[in-house]
Amino acid sequence: MKYAVIVFPGSNCDHDLHEAVSTIMGEEATFVWHTERDLSGYDGILLPGGFSYGDYLRSGAIAAMSPILTAVKEEAGKGKPVLGICNGFQILLESGLLPGAMLRNENQSFICRPQQIKVVRNDTLFTEMYEWGERVQFPVAHGEGNYYCDEKTLKQLQAHNQIVFTYEGNPNGSVHDIAGIVNKEGNVLGMMPHPERAMEKLLGSEDGRRLFQSMIQHGRERYATYA
């Protein structure tokens, strides 16, 4: 499988994500600059964490207007997997690929620590290798990870079963303890915790591996279907 790791000015987790997919998972990964306009040659799209454009204006707001986002939307519309982690999640919100918005953490402080999260959906292409209700550990590192949506949007997320991960002991004030959501079609996932930093026991957890394994396995099954 071939994955595009999108790089914006200010991205600082792009190499972590590339390492997770290529070196650890053994798949092909390519850095793609934010000014590119064609992602048709890739099987999946990965938006890394960081501080795109220095988080000026609002986290993810300027990156959401980059030329590459038009291509991201096109490929998402075809059903390709799109994974946004941390700042990548913020970009997905700002671009309208996912509903809601991100606020500053409730305690107004930057949080950087291991975090327990709960898998509340294991039937997505990103989570099928987890158990339903399983507690896993991914690091969090953000100052604006307080997911917000109004009551109407929350009811829609619940009605369409779009909440994938929730926090155990909400660290940032997110609505309904939300740590990650998917779009209605299930092929676009945004999450604040960092699975790409939970790939080896040396780093404290390898719980992130199964997220990438799920995505890769889904891609292989899809490719086999079309072959």
Side-chain angles (χ1 to χ4, degrees), residues 1 3 5 13 16-17 20-21 24-27 29 43-49 72 75-76 79-86 88-93 97-100 114-140 142 145 147 149 154 156-171 174-201 203-225:
M1 308 305 296
Y3 294 90
V5 178
C13 299
D16 293 347
L17 197 48
V21 173
I24 298 178
M25 302 308 302
E27 302 297 319
D43 301 303
I45 299 162
L46 310 173
L47 303 178
V72 172
E75 299 307 317
K80 287 185 182 178
V82 177
L83 170 63
I85 302 169
C86 199
F89 186 11
Q90 294 162 341
I91 294 168
L92 292 175
L93 296 173
L97 278 165
L98 291 173
Q115 175 66 45
Q116 291 286 316
I117 65 172
K118 180 180 178 181
V119 180
V120 295
R121 273 195 69 181
N122 69 337
D123 61 344
T124 77
L125 67 90
F126 303 97
T127 57
E128 61 184 17
M129 292 192 177
Y130 295 99
E131 298 294 329
W132 180 86
E134 182 178 355
R135 271 71 171 175
V136 295
Q137 179 176 294
F138 299 155
V140 293
H142 55 248
Y147 177 78
C149 64
L154 178 59
Q156 290 174 341
L157 289 174
Q158 293 169 324
H160 296 287
N161 203 20
Q162 291 176 249
I163 301 170
V164 177
F165 296 116
T166 56
Y167 294 109
E168 294 289 290
N170 191 334
S174 291
V175 168
H176 202 63
D177 300 332
I178 288 175
I181 59 174
V182 287
N183 61 346
K184 290 180 182 177
E185 294 75 19
N187 66 304
V188 178
L189 170 65
M191 60 189 296
M192 288 310 293
H194 288 265
E196 82 281 14
R197 297 184 187 176
M199 302 293 285
E200 297 178 283
K201 289 183 178 178
L203 300 177
S205 171
E206 54 184 2
D207 289 340
R209 287 189 179 215
R210 283 178 286 161
L211 188 145
F212 294 101
Q213 287 170 342
S214 297
M215 187 170 57
I216 291 165
Q217 180 63 29
H218 172 84
R220 288 176 177 158
E221 290 173 353
R222 177 176 178 173
Y223 178 79
T225 299

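For the pair M191/F126, no side-chain contact is recorded, criterion being any heavy-atom separation below 4.5 Å from C-beta on. Counting heavy atoms from C-beta on, the side chains of I85 and C13 never come closer than 4.5 Å. Counting only heavy atoms from C-beta outward, the side chains of M1 and H218 never approach each other to under 4.5 Å. Considering only heavy atoms from C-beta on, I117 stays 4.5 Å or farther from D207 through its side chain. The side-chain heavy atoms of P99 and L157, taken from C-beta on, include a pair separated by under 4.5 Å. Residues K80 and D43 have side chains not in contact (no heavy-atom distance under 4.5 Å, counting atoms from C-beta outward). Put simply, the side chain of Q115 does not reach to within 4.5 Å of the side chain of P193, judged on heavy atoms. Side-chain contact check for R197 versus L203: every heavy-atom pair is 4.5 Å or farther apart.
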key: Full working for side-chain contact (heavy atoms from CB on, under 4.5 Å) between S214 and T127   = CA-CA 6 Å; S214 297; T127 57; 5.5 Å; no
Worked check of side-chain contact (heavy atoms from CB on, under 4.5 Å) between V140 and Y167 = CA-CA 11 Å; V140 293; Y167 294 109; 4.2 Å; yes
request  = Determine, step by step, whether E75 and V82 satisfy the side-chain contact (heavy atoms from CB on, under 4.5 Å) criterion, reporting the C-alpha distance in whole Å, the side-chain angles of both residues, the deciding distance to 0.1 Å, and the verdict.
outcome  = CA-CA 8 Å; E75 299 307 317; V82 177; 5.7 Å; no
Worked check of side-chain contact (heavy atoms from CB on, under 4.5 Å) between I45 and Y3 = CA-CA 6 Å; I45 299 162; Y3 294 90; over 6 Å; no
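Ring pair Y147/F89 is parallel by interplanar angle, where below 30° counts as parallel and above 60° as perpendicular.
To the nearest 0.5 angstrom, I91 atom CD1 is 6.0 Å from L47 atom CG. Note that SG of C149 and CG of L98 are 11.5 Å apart. Values are rounded to the nearest 0.5 Å. Between atom CG of residue L46 and atom CE of residue M215 there is a gap of 5.0 Å, rounded to the nearest 0.5 Å.
For E134, the salt bridge (charged side-chain N to carboxylate O under 4.0 Å, His left out) partners two or more places apart in sequence, or in a different chain, are R210.
Under a 3.5 Å cut-off, the side chain of Q213 and the backbone N or O of E128 do not form any donor-acceptor pair. W132 places no side-chain N or O within 3.5 Å of a backbone atom of V119 that could act as its donor or acceptor partner. Looking only at distances, no side-chain donor or acceptor of E196 sits under 3.5 Å from a matching main-chain atom of A20. No donor-acceptor pair under 3.5 Å is formed between the side chain of N122 and the backbone N or O of E131. For R135 (side chain) and Q116 (main-chain N/O), no donor-acceptor pair under 3.5 Å exists by modelled atom type.
Residue A29 comes nearest to V5 through the heavy atom pair CB-CG2, 4.4 Å, listed as atom of the first residue, atom of the second, then distance. Contact between M199 and R209 at its shortest, heavy atoms only, is O-NE, 2.6 Å. Between I163 and Q158, the shortest heavy-atom contact is CD1-CG, 4.1 Å.
The side-chain contact (heavy atoms from CB on, under 4.5 Å) test with M192 is passed by exactly one of C86, S174, P171: C86.
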Using a 3.5 Å cut-off and no angle test, enumerate the donor-acceptor pairs between side-chain atoms of residues 177-184 and protein atoms at least two apart in sequence or in another chain.
from: D177; atom 1: OD1; to: N170; atom 2: ND2; distance (Å): 3.0
from: N183; atom 1: OD1; to: G186; atom 2: N; distance (Å): 2.8
from: N183; atom 1: OD1; to: N187; atom 2: N; distance (Å): 3.0
from: N183; atom 1: OD1; to: V188; atom 2: N; distance (Å): 3.0
from: N183; atom 1: ND2; to: E185; atom 2: OE1; distance (Å): 3.1
from: N183; atom 1: ND2; to: N187; atom 2: OD1; distance (Å): 3.0

